[in-house]
Asker: 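Just dropping this structure here.
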Amino acid sequence: MMARKTSRAPEDPATVQIATWNVNSIKSRLDLVLRWLAEAKPDVVCLQEIKCVDEAFPRAAIEDAGYHVAVHGQKTYNGVAILSRSPIEDATPRLPGDDGDDHARFIEAVVSTPSGSVRVAGIYLPNGNPAPGPKYDYKLAWMKRLQAYAADRLALEEPLVIAGDYNVIPAAQDAKRPDAWVEDALFRPDTRAAWRRLLALGLTEAVRACDDSSGLYSFWDYQAGAWQKNDGIRIDHLLLSPQAADRLVSTRIDKHVRAWERPSDHVPVVAEFAFG
DNA sequence: ATGACGCAGCCCCTGCGA
């Protein structure tokens, strides 16, 4: 079904904003998602942890806000979606490399913006705790599959954005208290090594390409007053192919959304591009 | 993270997240 046209024109028609946001249940967060879409006016949004089957996704409400929708959901856990102001082509679920993996953690699509098309992959990389153990093995195997996928797509030499909840703290400066995370699946040496292998393919991490300062976080736990203490970590990322990185203009973390009523524990991370 | 919260669903308790 066609998304209804909205009256709003983009701030700058030559730029494209691509965002990622782990919403921790789309049903519980619909009002906040609509509020943020109206405020931030992103062109493309990758959502994670929608926690519902495809049929239960609030498609009509999102379409009424002016977005096309591609969903790959499952009952109770995980689930990813891509929202786009421009039409979505070739939406494909599932990360290649393990036909037995039934977690809904990956969706890829091509978005044709007015200024050119971009391939977008929305990912929800496994948490991996407790580590070591089978859940951590699954995380590392998933990262290896993601690396194979990225290598394959990079060979196309086209604009590509892999955006999502990576469940990876890339470096000590990406946590308020890095010492607390050294044994955790999000920050263990093997996790960071797999992250570095991904970047070594030639991908650029959008936020760090624009800002090398400390204190940039995208997640604050609901517990222990983490938000009030700014006890955060940065685990939501956008990785860019060279053809996308060349067009990167700016990035932003919409931290204020964490202070809204009944928030997700993650906030939106946005990259702005000048395509065309 | 010695606890603190919040989500879904088998729904007043458990599994999971990070």
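Protein chains get the first letters and strands the later ones, always in sequence-line order, with residue 1 at the start of each. Atom set for the values below is all heavy atoms of this structure, side chains included, hydrogens, waters and symmetry mates excluded. Everything quoted here is computed from the prediction, not taken from an experiment.
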Asker: Gln74(A) CD to dA8(B) P: how many Å, rounded?
Answerer: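 Checked: the CD to P distance equals 14 Å.
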Asker: Does OP1 or OP2 of dC7(B) have a side-chain N or O of Asn24(A) closer than 4.0 Å?
Answerer: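 The answer is no; no side-chain N or O of Asn24(A) sits under 4.0 Å from OP1 or OP2.
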Asker: Hey, which of these two, Tyr124(A) or Gly225(A), hits DNA chain B nearer its 5' end, going by closest nucleotide?
Answerer: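 Mapping each residue to its closest nucleotide by heavy atoms, the 5'-most match is Gly225(A).
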Asker: Ignoring backbone atoms, test whether Arg262(A) places a side-chain nitrogen or oxygen under 4.0 Å from the OP1 or OP2 oxygen of dC7(B).
Answerer: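 It does, given that an N or O in the side chain of Arg262(A) lies less than 4.0 Å from OP1 or OP2 of dC7(B).
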Asker: Whole angstroms only, please: what is the CG-P distance between Asp184(A) and dA18(B)?
Answerer: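 Taking atom P of dA18(B) as the reference, CG of Asp184(A) is at 10 Å.
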Asker: For dA18(B), does OP1 or OP2 lie under 4.0 Å from any side-chain N or O of Tyr136(A)?
Answerer: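 It does not, given that no N or O in the side chain of Tyr136(A) lies less than 4.0 Å from OP1 or OP2 of dA18(B).
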Asker: Taking 4.0 angstrom as the limit, do Asp165(A) and Arg105(A) come out as a salt bridge?
Answerer: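 Salt bridge between Asp165(A) and Arg105(A), a charged N being under 4.0 Å from a carboxylate O: no.
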Asker: I'd like to know if Arg153(A) pairs up with Glu108(A) as an ion pair, taking the criterion as any Lys NZ or Arg NE/NH1/NH2 lying under 4.0 Å from an Asp or Glu carboxylate oxygen.
Answerer: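 Salt bridge flag = yes for Glu108(A) with Arg153(A).
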Asker: Expressed in angstrom and rounded to an integer, what is the separation of Glu183(A) atom CD from dT2(B) atom P?
Answerer: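 Interatomic distance, CD of Glu183(A) to P of dT2(B): 12 Å.
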Asker: Do the side-chain N or O atoms of Ser28(A) get closer than 4.0 angstrom to the phosphate oxygens (OP1, OP2) of dA8(B)?
Answerer: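 Yes, Ser28(A) has a side-chain N/O under 4.0 Å of OP1/OP2 on dA8(B).
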Asker: Please confirm whether the shortest side-chain N or O distance from Arg29(A) to OP1 or OP2 of dC7(B) is below 4.0 Å.
Answerer: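 Answer is yes, contact under 4.0 Å.
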Asker: Give one of base, sugar-phosphate or nothing for Phe187(A), where a contact means two heavy atoms less than 4.0 Å apart.
Answerer: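 Nothing, no heavy atom under 4.0 Å.
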Asker: Near DNA chain B, under 4.0 Å by heavy atom, which residues of residues 162-177 of chain A?
Answerer: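 Only Asp165(A), Asn167(A), Arg177(A) qualify.
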Asker: For Lys139(A), answer base if it contacts any base atom (sugar-phosphate contacts may also be present), sugar-phosphate if it contacts only those atoms, and nothing otherwise; contact means non-hydrogen atoms under 4.0 Å.
Answerer: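 Contact class for Lys139(A): none.
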Asker: Quote, to the nearest angstrom, the P distance that separates dA18(B) from dC13(B).
Answerer: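 One P to the other, the span is 27 Å.
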Asker: If you only use heavy atoms from C-beta on, which nucleotide in dA4(B), dG17(B), dG9(B) is closest to the side chain of Lys27(A)?
Answerer: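 Nearest listed nucleotide: dG9(B).
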Asker: Verify the contact: side-chain N or O of Gln223(A) to OP1 or OP2 of dA4(B), cut-off strictly under 4.0 Å; return yes or no.
Answerer: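 Answer is yes, contact under 4.0 Å.
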Asker: State which of dA18(B), dA8(B), dC16(B) makes the closest approach to the side chain of Asp221(A).
Answerer: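 Ranking dA18(B), dA8(B), dC16(B) by closest atom to the Asp221(A) side chain puts dA18(B) first.
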Asker: Given 3.5 Å as the limit, does a donor-acceptor pair link the side chain of Thr204(A) with the main chain of Ala206(A), or not?
Answerer: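 Such a contact is absent between Thr204(A) side chain and Ala206(A) backbone.
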Asker: Can we say Asp101(A) and Arg145(A) salt-bridge, meaning some charged N sits less than 4.0 Å from an Asp/Glu carboxylate O?
Answerer: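 Yes.
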Asker: Take atom NZ of Lys176(A) as the centre, draw a 6.0 Å sphere, and report whether it contains more than 12 heavy atoms from other residues, nucleotides or ligands.
Answerer: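 More than 12 within 6.0 Å, yes.
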Asker: Any sub-3.5 Å donor-acceptor pair from Thr20(A)'s side-chain atoms to Val269(A)'s backbone N or O?
Answerer: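 Such a contact is absent between Thr20(A) side chain and Val269(A) backbone.
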Asker: Could you give the CH2-to-P distance, from Trp227(A) to dG6(B), as a whole number of Å?
Answerer: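 After rounding, the gap between these two atoms is 15 Å.
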Asker: Does any N or O in the side chain of Ser213(A) come within less than 3.5 Å of the main-chain N or O of Asp211(A), such that one atom is a donor and the other an acceptor?
Answerer: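 Such a contact is absent between Ser213(A) side chain and Asp211(A) backbone.
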Asker: Which whole-number value in Å describes the distance from Asn78(A) CG to dA8(B) P?
Answerer: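 Rounded to whole Å, this separation is 14 Å.
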Asker: For the C1' atoms, the ones on dC16(B) and on dC10(B), what distance do you get once it is rounded to whole angstrom?
Answerer: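 Comparing C1' positions in dC16(B) and dC10(B) gives a spacing of 15 Å.
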Asker: For the C1' atoms, the ones on dA8(B) and on dT2(B), what distance do you get once it is rounded to whole angstrom?
Answerer: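 28 Å, rounded to whole Å.
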Asker: Looking at DNA chain B, which of residues 228-236 of chain A put a heavy atom within less than 4.0 Å of it?
Answerer: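 Under 4.0 Å from DNA chain B: Ile233(A), Ile235(A).
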Asker: Please state how far atom CZ in Phe219(A) lies from atom C1' in dG6(B), giving the value in whole angstrom units.
Answerer: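 The distance from CZ of Phe219(A) to C1' of dG6(B) comes to 11 Å, rounded to the nearest Å.
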Asker: Taking dG9(B) as the reference, what is the distance to dA4(B) when you measure between their P atoms (whole Å, please)?
Answerer: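 Straight-line distance between the two P atoms is 23 Å.
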Asker: Looking at Asp254(A) and Arg252(A), is any side-chain nitrogen of the basic one under 4.0 Å from a carboxylate oxygen of the acidic one?
Answerer: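 Yes, Arg252(A) and Asp254(A) are salt-bridged.
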Asker: Any salt bridge between Glu49(A) and Arg29(A), counting N to O under 4.0 Å?
Answerer: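 No.
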Asker: How far does the C1' atom of dC11(B) sit from the matching atom of dG6(B), given to the nearest Å?
Answerer: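 Taking atom C1' in both dC11(B) and dG6(B), they lie 15 Å apart.
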Asker: Any cation-pi pair here, Arg234(A) with Phe219(A), using under 6.0 Å and within 45°?
Answerer: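 No - Arg234(A) does not lie over the ring of Phe219(A) by the 6.0 Å and 45° rule.
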Asker: Measuring to OP1 and OP2 of dC10(B), would you say a side-chain N or O of Lys75(A) lies under 4.0 angstrom away?
Answerer: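 Yes, because at least one side-chain N or O of Lys75(A) sits under 4.0 Å from OP1 or OP2 of dC10(B).
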Asker: Measuring to OP1 and OP2 of dA18(B), would you say a side-chain N or O of His266(A) lies under 4.0 angstrom away?
Answerer: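 The answer is yes; a side-chain N or O of His266(A) sits under 4.0 Å from OP1 or OP2.
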Asker: Write down the distance between NZ (Lys135(A)) and P (dA18(B)), rounded to a whole number of angstrom.
Answerer: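 So the two atoms are 11 Å apart, to the nearest Å.
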Asker: Please state how far atom CG in Asn22(A) lies from atom P in dG17(B), giving the value in whole angstrom units.
Answerer: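 Interatomic distance, CG of Asn22(A) to P of dG17(B): 11 Å.
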Asker: dG9(B) phosphate, OP1 or OP2: any side-chain N/O from Lys51(A) under 4.0 angstrom?
Answerer: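 For dG9(B), neither OP1 nor OP2 has a side-chain N or O of Lys51(A) closer than 4.0 Å.
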Asker: Is Arg197(A) reaching over with its side chain to a backbone N or O of Ala200(A), donor-acceptor style, under 3.5 angstrom?
Answerer: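 Side chain of Arg197(A) to backbone of Ala200(A): no pair is present.
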